[in-house]
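Written out below as structure tokens is the structure these notes cover.
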Amino acid sequence: MRKHDQRVRKLLGGQEGSMAPLAVAAAIAMLIIILGVSEYMRLVITAAGVKDALESAAIAVVNDNYNEVYHGVREGYAAGYEPNDTGFMESLDYGDVYGRMCSLLGLEEEDGCVRRNTAGRLEYRIKNLTVNVHNTALASPGGTYYVEAGLTIEIPVCFGGKIVSNLSIPLRVRAAYREKF
């Protein structure tokens with residue numbers, strides 16, 4: 001019995017390297033978590049950059065409409081009308097939002113506008129751009145002259161270097177014209 005007890009004590013007592021599998025599993029789990037967080041941050045940063053460019057393009061449309069809004073501002077309200085022979089007629093400028101976004105983001109025309117990385121892989125695609133200029137009624141003080149723009153951005157979701165799926169995010173922005181004086 002005594003030899004048997006010594007063997008059991010030897011087996012239970014000698015645990016060198018028993019933490020190695022647990023350490024490997026913990027390292028792999030941390031690597032997967034870090035990969036997931038970095039991919040999430042890539043998606044958030046990409047969407048934020050596209051939204052900033054869309055806001056900039058919408059603000060440019062509002063600013064480009066200054067000459068249409070001027071006649072109303074002179075009368076105390078912001079609205080896009082121009083004088084003609086019999087009174088005033090609506091005058092709106094929708095601008096070139098796709099052109100502005102392509103120049104701001106370095107996009108290429110291809111089934112919408114796309115951005116590719118240096119290796120030629122798709123980073124994201126923007127499509128379904130809508131621009132609505134909301135005019136204030138003629139001679140109605142207190143109304144707001146504004147532009148609403150929206151689009152859909154599709155970003156490929158990657159994990160471990162492979163595309164898992166596409167994330168489609170609708171983005172909407174609004175830029176308003178406010179007279180200062």
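When reading the values below, keep in mind they use all heavy atoms of this one structure, side chains included, and skip hydrogens, waters and symmetry mates.
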For residues 159-171, please give each side-chain donor-acceptor pair under 3.5 Å, one per line with the distance, not counting sequence neighbours.
none

Q) Nearest heavy-atom pair of A47 and I153: which atoms, and what distance? A) CA-CD1, 4.5 Å

**Q.** Atom of A149, atom of L54 and distance for their closest heavy-atom approach
**A.** CB-CD1, 3.9 Å

Q. Which pair of non-hydrogen atoms, one from R42 and one from E123, has the smallest distance, and what is that distance?
A. NH1-O, 4.2 Å

(Q) I want to check something: taking the side chain as every heavy atom from C-beta on, are V157 and L43 in contact at a cut-off of under 4.5 Å? (A) yes

(Q) Quick check against the 3.5 Å criterion: does S103 have a side-chain atom that pairs as donor or acceptor with the backbone of R100? (A) yes

Q) When clusters are formed from ILVMFWY side-chain contacts under 4.5 Å, directly or step by step, what else is grouped with I59? A) none

Q: Please examine the side chains of I155 and T46, heavy atoms only from C-beta on, and report whether any two atoms are closer than 4.5 Å.
A: yes

Q) Where do G49 and L105 come nearest, in terms of heavy atoms and distance? A) O-CD2, 4.1 Å

Q: Report yes if some heavy atom in the side chain of E109 is under 4.5 Å from a heavy atom in the side chain of C102; otherwise report no.
A: yes

Q. Any side-chain heavy-atom pair from C158 and R121 closer than 4.5 angstrom?
A. yes

Q | Heavy-atom closest contact (R172 atom, G150 atom, distance) | A | NH1-CA, 3.3 Å

**Q.** Under 4.5 Å side-chain linkage, directly or through intermediates, the cluster mates of V44
**A.** I33, V37, Y40, M41

